[in-house]
Amino acid sequence: MRALNVFYGQRLLEWRRASGLSQRALASALGVSQGFIGDIESGRSAPSRNFLQALSEHFRVNPAWILEGREPQIFEDGPGFSSDVGRIAPPQKGKPLAGHLTIDGQDFSLITRHKAHVSAGKGLAAVDGLEKDGLAFSNSWLLKAGLVADLSALVRVRGDSMSPAIPDGATVLVDLRGITAEQPGVYICILDDDVFVKRVHQLRDDKTVVGHVLVSDNPQYPPVVVSGRDNYRLRIVGKVVLAMHTV
């Protein structure tokens with residue numbers, strides 16, 4: 001059975017690479033984890049019936065080819081698949097600023113959503129932030145926002161100190177290049193071993209940064225001043241550019 005699993009994985013890997021799909025893009029399209037795709041391709045797991053059905057419905061891949069190597073590899077309608085949002089296909093690799101997938105001719109890039117949580121309250125212990133899944137953003141929107149998908153991340157916020165702008169449970173899009181807080185804004189920051197989302201203002205003495213003020217939108221939470229020799233305790237992770245939450 002181990003050898004057969006390896007063959008399953010080799011065929012899935014062959015098709016995925018030929019289609020120009022990353023593990024993350026394929027996992028997002030099929031509603032599974034990237035780790036699940038990796039387990040199949042490495043031979044640690046066999047593809048489930050539901051997985052094969054989704055692969056066939058979405059990308060027209062023949063389950064018999066995955067399982068036994070029987071042709072055709074792709075049914076006539078592939079590659080790509082139709083969904084409620086339009087025709088989805090692999091990216092055009094040679095195209096400038098190509099994304100992870102194309103929907104009706106428009107490029108989209110996936111931004112990783114991490115398991116890590118940040119606090120809009122009294123602080124959460126820093127965690128590894130292992131990859132969970134991703135959300136697709138159009139490349140045209142990312143370009144207008146000045147964002148790079150591979151240098152951005154999505155994390156979930158706990159606590160109410162940034163309400164109403166960022167309510168408890170919201171997911172925030174973070175530009176990981178914004179690590180200096182030169183401009184006032186909302187940032188993800190680490191103070192000692194706690195991870196926060198706060199408005200950060202630099203304290204300056206002429207052109208020298210001498211400290212930072214961490215401010216909450218909720219007036220019940222007082223500002224936190226970090227200055228002088230305590231500055232080394234604070235690290236800016238990135239700038240929050242978008243907050244998403246249910247209504």
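Being a predicted model, the structure only gives us computed values, none of them experimental.
- By the side chain to side chain donor-acceptor pair (under 3.5 Å) test, Asn62 is found to be paired with no residue, residues two or more places apart in sequence or in another chain being considered.
- Residues Val226 and Asn231 have side chains in contact (heavy-atom distance under 4.5 Å, counting atoms from C-beta outward).
- The ring-ring contact (aromatic ring centres under 6.0 Å, His included) pairs that include a residue from residues 222-244 number zero, where partners must be two or more places apart or lie in different chains.
- In this structure, Ser138 and Phe108 approach most closely via the heavy-atom pair N-CD2, 3.4 Å.
- Salt-bridge formation is not detected for the pair Asp168/Arg158: no Lys NZ or Arg NE/NH1/NH2 atom is positioned less than 4.0 Å from an Asp or Glu carboxylate oxygen.
- A donor-acceptor contact closer than 3.5 angstrom is absent between the side chains of Ser216 and Arg199.
- Listed by chain and residue number, Arg44 satisfy the side chain to side chain donor-acceptor pair (under 3.5 Å) test with Asp39 (two or more places apart in sequence, or in another chain).
- Taking every heavy atom of both residues into account, Ser161 and Lys198 meet most closely at OG-NZ, 2.8 Å.
- Contact annotation: the side chain of His212 never approaches that of Tyr187 to less than 4.5 Å [non-hydrogen atoms, C-beta and beyond].
- Under the 4.5 Å side-chain criterion, counting only non-hydrogen atoms from C-beta, Leu55 is not in contact with Pro63.
- Arg233 meets the salt bridge (charged side-chain N to carboxylate O under 4.0 Å, His left out) test with Asp192, Asp230; sequence neighbours excluded.
- Judged by distance alone, the side chains of Gln10 and Glu41 never bring a donor and an acceptor atom under 3.5 Å apart.
- Between Ser109 and Asn139, some side-chain heavy-atom pair lies under the 4.5 Å cut-off.
- Residue pairs meeting the ring-ring contact (aromatic ring centres under 6.0 Å, His included) criterion with at least one member in residues 30-50, sequence neighbours excluded, are Phe36-Phe51.
- Side-chain contact between Val215 and His201: present, with at least one pair of heavy atoms (C-beta onward) separated by less than 4.5 Å.
- Applying the side chain to side chain donor-acceptor pair (under 3.5 Å) criterion to Gln183, with sequence neighbours excluded, gives no partner residue.
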